[in-house]
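Okay, structure first, notes after.
Values reported hereafter were calculated over all heavy atoms of this structure, with side chains retained and with hydrogens, waters and symmetry mates removed. All figures in this text were calculated on a predicted structure; none of them were measured in a lab.
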Amino acid sequence: MASLICRARLTGLLARPFVVSSVRTMAKGGGVPSNEEHATGLEKLEMDLKESGLEDPFNLKVKHVVPGTKVSPTPVPSIFEKRIIGCICEEDATTITWMWLHKGDAQRCDCGHFFELTGDTPMKPVVRQ
């Protein structure tokens, strides 16, 4: 009977995991890392460009411009030969008209606004020391 009690106690002790907690941090001074220390890839590039003073590094914000004409089309910057753009044709529209814009002549949206793709230089990333 005593051996059964000892065996039950030892089995219970061995079945429980023995856990040792250790503190491991990724931050420089210990603690939780900041957003800048945790970011990688495009997110880090975007943070670095914003830190250097560029508000919209990837030209993703909606731009409200006057409608372009055939003589004076709305310029759209791009570092590529083509770019997809969206036009909200009417002020109260609930849909966006998407179209590919190619380098060269100005192109017309269905609503009559003209757009022209302009060459732009690629972004230069900021390297932290």
Side-chain angles (χ1 to χ4, degrees):
M1 183 73 174
S3 66
L4 288 174
I5 292 173
C6 286
R7 183 183 296 166
R9 286 295 222 185
L10 285 175
T11 307
L13 288 176
L14 294 177
R16 291 187 207 156
F18 183 67
V19 179
V20 175
S21 64
S22 63
V23 177
R24 183 173 166 206
T25 63
M26 296 174 14
K28 289 182 181 172
V32 178
S34 66
N35 288 343
E36 290 81 19
E37 293 172 336
H38 195 268
T40 60
L42 283 177
E43 183 183 12
K44 184 163 183 61
L45 174 65
E46 183 178 7
M47 286 179 148
D48 290 343
L49 289 170
K50 281 185 178 180
E51 186 179 296
S52 69
L54 192 58
E55 266 310 301
D56 186 20
F58 299 123
N59 290 326
L60 295 177
K61 290 188 178 174
V62 175
K63 294 175 178 55
H64 299 282
V65 294
V66 295
T69 62
K70 189 167 186 162
V71 177
S72 176
T74 302
V76 178
S78 178
I79 60 173
F80 301 108
E81 295 294 318
K82 64 181 180 176
R83 179 175 178 174
I84 193 166
I85 63 165
C87 179
I88 302 172
C89 297
E90 298 173 10
E91 192 173 322
D92 298 330
T94 57
T95 60
I96 300 172
T97 305
W98 297 99
M99 63 186 235
W100 278 102
L101 193 59
H102 299 272
K103 270 197 178 165
D105 294 334
Q107 294 175 354
R108 181 179 173 267
C109 180
D110 295 338
C111 62
H113 299 174
F114 283 86
F115 299 93
E116 183 177 24
L117 198 66
T118 59
D120 205 0
T121 57
M123 296 176 296
K124 302 235 188 262
V126 177
V127 179
R128 290 186 180 186
Q129 300 296 336

Interatomic distance, CG@D56 vs CG@L49, rounded to 0.5 Å, equals 10.5 Å
Taking salt bridge (Lys or Arg N to Asp or Glu O under 4.0 Å) as the test, write out the residues that go with E46, two or more places apart. K50
Minimum heavy-atom distance between P75 and T118, given as atom pair plus value: CB-CG2, 3.9 Å
side-chain contact (heavy atoms from CB on, under 4.5 Å) between R83 and L117, worked out: CA-CA 8 Å; R83 179 175 178 174; L117 198 66; 3.9 Å; yes
For K70, which residues count as a side-chain contact (heavy atoms from CB on, under 4.5 Å) partner, sequence neighbours excluded? F114
What's the spacing between Q107 CD and H113 NE2 if we round to 0.5 Å? 15.5 Å
What distance separates S78 OG from E116 CD, expressed to the nearest 0.5 Å? 12.5 Å
Atom OG1 in T40, atom CE in M47: separation rounded to 0.5 Å? 10.5 Å
Testing the basics here: between P33 and H38, what is the closest heavy-atom pair and its distance to 0.1 Å? CG-CD2, 4.2 Å
Name each donor-acceptor pair under 3.5 Å that joins a side chain in residues 93-105 to protein atoms two or more places apart or in another chain, with its distance.
none

Is there a chain of hydrophobic side chains (I, L, V, M, F, W, Y, each step under 4.5 Å between heavy atoms) that links I88 to I84? yes
